[in-house]
Amino acid sequence: MHDAEPQCIGEYLLRKRDLEGVAVDQTDPFEAGIGFTVKLRKDDFVGRDALARKKESGRTWALAWVALDDPAHVVLGKEPVRSGETVVGYVRSAAYGYCVGHDLTSVMLPVDLATPGTPLTVEWFGERLPATVVKDPPWDPSGERIRA
């Protein structure tokens, strides 16, 4: 790997991610919650028509913050997320939120489950940990601290 050309690094990382079981994401900007960055009125660009159709049809998935209810529980990522008995998504990333006092995970959920207050469970080595969809952003949602 040390002798690799710089242009090969990106391809190497994609293959490494695939080997580690991390799929390359196909989430569109509207489902990821950053559709405001897409300027469909801008001159023609690759993918413009597909994004326009996606915007018109609406979201079926939404990126949501899910907090583990018990502050003693921490997960790492890739864990199944359930609504009742049905797996509805997988933890994409997770970290303990020291300012909010519990583990926060990002999960791509069906849009009807991405509402704050929705109860879910995150499976951790066979145990189902209670979790709840929380408002985005979970810390300083009004932005008062950053403007202070």
Side-chain angles (χ1 to χ4, degrees), residues 9-148:
I9 300 299
E11 184 178 343
Y12 166 78
L13 290 175
L14 285 175
R15 287 184 183 173
K16 183 176 184 300
R17 286 174 52 122
D18 288 341
L19 290 174
E20 292 174 351
V22 180
V24 176
D25 198 305
Q26 298 296 319
T27 303
D28 70 63
F30 301 106
E31 290 175 343
I34 58 170
F36 63 90
T37 65
V38 178
K39 305 299 180 201
L40 293 173
R41 294 183 191 158
K42 189 177 175 181
D43 292 338
D44 196 27
F45 57 89
V46 175
R48 185 195 173 291
D49 294 340
L51 285 171
R53 285 191 304 272
K54 183 62 182 172
K55 182 176 183 179
E56 186 176 313
S57 69
R59 300 187 318 168
T60 55
W61 292 88
L63 185 61
W65 286 104
V66 176
L68 298 181
D69 294 349
D70 185 341
H73 291 145
V74 177
V75 297
L76 301 174
K78 312 294 179 280
E79 294 84 6
V81 177
R82 295 177 182 267
S83 176
E85 294 300 312
T86 306
V87 174
V88 293
Y90 292 87
V91 172
R92 296 168 64 115
S93 64
Y96 191 81
Y98 290 94
C99 293
V100 293
H102 46 79
D103 202 44
L104 293 171
T105 67
S106 63
V107 181
M108 205 60 158
L109 292 172
V111 74
D112 59 319
L113 295 176
T115 306
T118 302
L120 301 167
T121 58
V122 177
E123 194 168 320
W124 179 251
F125 292 101
E127 183 180 355
R128 293 191 183 171
L129 309 177
T132 306
V133 176
V134 295
K135 187 176 179 179
D136 179 26
W139 174 249
D140 191 26
S142 64
E144 290 176 20
R145 293 182 59 91
I146 194 127
R147 288 192 273 283

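These figures come from a predicted structure and were not determined experimentally.
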- Query: Mind checking whether Tyr96 and Pro71 have side chains closer than 4.5 Å, heavy atoms only?
  - Reply: yes
- Query: Do Val88 and Trp61 have side-chain heavy atoms sitting under 4.5 Å apart?
  - Reply: no
- Note on the structure: Rounded to the nearest 0.5 angstrom, the CG-OG1 distance for Leu129 and Thr121 is 8.0 Å
- Item | OG1 on Thr118 to CG on Asp112, rounded to 0.5 Å | 8.5 Å
- Note on the structure: Of all heavy-atom pairs linking Ala114 and Ala62, the shortest is CB-CB, 3.8 Å
- Task: Could you tell me whether the side chain of His102 reaches within less than 4.5 Å of the side chain of Leu68, counting heavy atoms only?
- Result: no
- Item | Heavy-atom closest pair, residues Val66 and Ala131 | CG1-CB, 3.6 Å
- Message: To check you understand the geometry: which heavy-atom pair defines the closest contact between Ala64 and Val133, and what is its length?
- Response: CB-CG1, 4.2 Å
- Item | Glu31 and Thr60, any side-chain heavy atoms less than 4.5 Å apart | yes
- Message: Is it the case that the side chain of Glu79 and the backbone of Gly77 share a donor-acceptor pair, with hydrogens and angles ignored and the cut-off at 3.5 Å?
- Response: yes
- Task: Please tell me if the side chains of Leu63 and Arg92 come closer than 4.5 Å, counting only heavy atoms from C-beta onward.
- Result: yes
- Side-chain donor/acceptor of Asp103 to backbone N/O of Ala94, under 3.5 Å: no
- Item | Gap between atom CG of Leu120 and atom CG of Asp69 - 0.5 Å precision | 9.5 Å
- Criterion side chain to side chain contact (heavy atoms under 4.5 Å, CB included) on Leu51 and Phe30, from CA distance to verdict: CA-CA 9 Å; Leu51 285 171; Phe30 301 106; 4.0 Å; yes
- Kindly indicate, with the supporting measurements, whether the criterion side chain to side chain contact (heavy atoms under 4.5 Å, CB included) is fulfilled by Asp28 and Val38. CA-CA 10 Å; Asp28 70 63; Val38 178; over 6 Å; no
- Query: For Lys55, does the NZ atom sit with more than 12 other heavy atoms under 6.0 Å from it, leaving out its own atoms?
  - Reply: no
- Mind running side chain to side chain contact (heavy atoms under 4.5 Å, CB included) on Arg48 and Lys42 for me, showing each step along the way? CA-CA 9 Å; Arg48 185 195 173 291; Lys42 189 177 175 181; over 6 Å; no
- Is any side-chain heavy atom of Val91 less than 4.5 Å from a side-chain heavy atom of Val81? yes
- Of all heavy-atom pairs between Ala67 and Val134, which one has the smallest distance, and what is that distance? CB-CG1, 3.7 Å
- Message: Asp70: which residues meet the side-chain contact (heavy atoms from CB on, under 4.5 Å) condition with it, sequence neighbours left out?
- Response: Ala72, His73
